[in-house]
2 protein chains.
Amino acid sequence: MVQAQTLSRNQQIVLDIIEKAKGPLKAYSILFNVQKKGINAPQQIYRALDKLIEMGKIHKIESKNAFVACRNSDCEISKATAFSICESCEMVDEISDVKLSKYLSSFNHKKGMKFKRFNLEFFGICKKCK
Amino acid sequence: MVQAQTLSRNQQIVLDIIEKAKGPLKAYSILFNVQKKGINAPQQIYRALDKLIEMGKIHKIESKNAFVACRNSDCEISKATAFSICESCEMVDEISDVKLSKYLSSFNHKKGMKFKRFNLEFFGICKKCK
DNA sequence: TTAAAAATGTTATATTATAACAAACGTTAC
DNA sequence: GTAACGTTTGTTATAATATAACATTTTTAA
Ligand SMILES: [Zn+2]
Ligand SMILES: [Zn+2]
Ligand SMILES: [Zn+2]
Ligand SMILES: [Zn+2]
């Protein structure tokens, strides 16, 4: 079941770290950062990550095995995600584009599959790195 | 440098297995399948996979850490990939839709990033599983 | 208040991927 | 031919990512 508002202690700790970060964070880097707070095992991180993803508070960047905070309040619980990723500095930016989102949400594959969710990752070189 | 036609021995072995498979294959499952052919180490698999991806012969399904053969002759060396993925049977189908591809290829994020590549993964339940 | 659900703590292990180095192979240039 | 170069291969070791399993505690709600 997906909670609406309340975060558990570990979930809040993990979310705080991800939200403060400037870029995507990896699970074990989160772990190292919270050992002072009494979290010692990967399981504790991965469980918090799973719940935070379910709640739409964070997203996983699949091509990087890393996690970012959701910046879109309207990002309906991770059903439709899009990111731009810089191949030079590793920066990740969540794309919030209504037209794009509508276009993809209404896209249905010919072979008869009705989609429930999508994830789109764009790659390039960001403005800073150019 | 990306080779045009010729595949090395290991590359051919790995490609054959992926092409014969009905669904996406994981690296270590490929490894177990080729040990009779004298390939013994993960490195040998991962090196072949890397080259095959560079050549556009296969694609990595990022959300599954698995690999599929490219079915589109026109899939310009993995610069623009889209897949439909069944969450029930794990089936993966490469989407070849010119309009979609054009739409996404011409999509540029507002913040000034010019994209070189994208990967899109749709999730749902396939016809068979419904 | 008690039963169920969710979250935690912990140890161990599975899975995915890369580092590092030496040897063999295949071109091409001379 | 053979030297020089880039690519592929073989191999051992290890790093990085993720889950299994089980006991306990906390929270929620009937
Ligand atoms: Zn979001
Ligand atoms: Zn950058
Ligand atoms: Zn393709
Ligand atoms: Zn299916």
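Chain naming here is simple, since letters A, B, ... match the order of the sequence lines and numbering starts at 1 in each. Values below: all heavy atoms of this structure, side chains included; hydrogens, waters and symmetry mates excluded. Nothing here was measured: the structure is a model prediction, and the numbers come from that model.
- Distance CD1 (B:Ile53) to C1' (C:dT16): 13 Å, rounded to an integer number of Å.
- Phosphate proximity of D:dA18 to A:Lys60: present, with a side-chain N or O under 4.0 Å from OP1 or OP2.
- Donor-acceptor pairing under 3.5 Å is recorded for the side chains of B:Thr81 and B:Asn119.
- The phosphate of D:dG10 has OP1 or OP2 within less than 4.0 Å of a side-chain N or O from B:Gln44.
- Taking only side-chain nitrogens and oxygens, A:Lys51 never comes nearer than 4.0 Å to OP1 or OP2 of C:dA6.
- Phosphate contact (OP1/OP2 of D:dG10, side-chain N/O of B:Asn10, threshold under 4.0 Å): present.
- Considering only side-chain N and O atoms, A:Asn40 lies nowhere under 4.0 angstrom from the phosphate OP1 or OP2 of C:dG9.
- Phosphate proximity of D:dA16 to A:Lys26: absent, as no side-chain N or O sits under 4.0 Å from OP1 or OP2.
- The neighbour count for A:Lys102 NZ, taken as heavy atoms of other residues, nucleotides or ligands under 6.0 Å away, does not exceed 12.
- Going from atom CD1 of B:Ile39 over to atom P of D:dT12 covers 15 Å, rounded to whole Å.
- For A:Asp50 and B:Gln43, each mapped to the nucleotide of DNA chain D holding its nearest heavy atom, the one lying further toward the 5' end belongs to B:Gln43.
- With no hydrogens or angles considered, no side-chain donor-acceptor pair links B:Gln44 and B:Asn40 at under 3.5 Å.
- Here the P atom of nucleotide C:dA14 and the CG atom of B:Leu31 are 16 Å apart, to the nearest Å.
- Among the nucleotides C:dT8, C:dT16, D:dT9, the one closest to any side-chain atom of B:Ser8 is D:dT9.
- Each of A:Met55, A:Lys57, A:Lys51 was scored for a side-chain contact (heavy atoms from CB on, under 4.5 Å) with A:Leu15, with one residue passing: A:Lys57.
- In this structure, B:Phe122 and A:Phe118 have perpendicular ring planes: the angle between them is above 60°, well past the 30° mark.
- When the side-chain nitrogen and oxygen atoms of B:Asn65 are compared with OP1 and OP2 of D:dT17, none of them lie within a distance under 4.0 Å.
- Nucleotides of DNA chain D nearest to A:Arg47 and B:Pro42 differ in position, and the one nearer the 5' end is that of B:Pro42.
- The aromatic ring of B:Tyr46 does not sit over the base of C:dT18, since the test of centres under 5.5 Å and planes under 30° is not met.
- The distance from atom CD1 of A:Ile30 to atom C1' of D:dA18 is 13 Å, rounded to the nearest whole Å.
- Stacking of the aromatic ring of B:Tyr28 onto the base of C:dT16 is found: the ring centres lie under 5.5 Å apart and the planes are inclined by under 30°.
- Straight-line distance from the NZ atom of A:Lys37 to the P atom of C:dG9: 13 Å, rounded to whole Å.
- If you measure from atom CG of B:Leu52 to atom C1' of D:dT8, you get 13 Å, rounded to the nearest angstrom.
- Spacing between atom CD of A:Gln35 and atom C1' of C:dT10 amounts to 14 Å, rounded to whole angstrom units.
- B:Arg9 comes within 4.0 angstrom of the backbone, heavy atoms only, and of no base.
- Straight-line distance from the CD1 atom of B:Ile45 to the P atom of C:dT18: 14 Å, rounded to whole Å.
- A:Arg117 and B:Glu121 are not joined by a salt bridge, as no carboxylate oxygen comes within less than 4.0 angstrom of a charged side-chain nitrogen.
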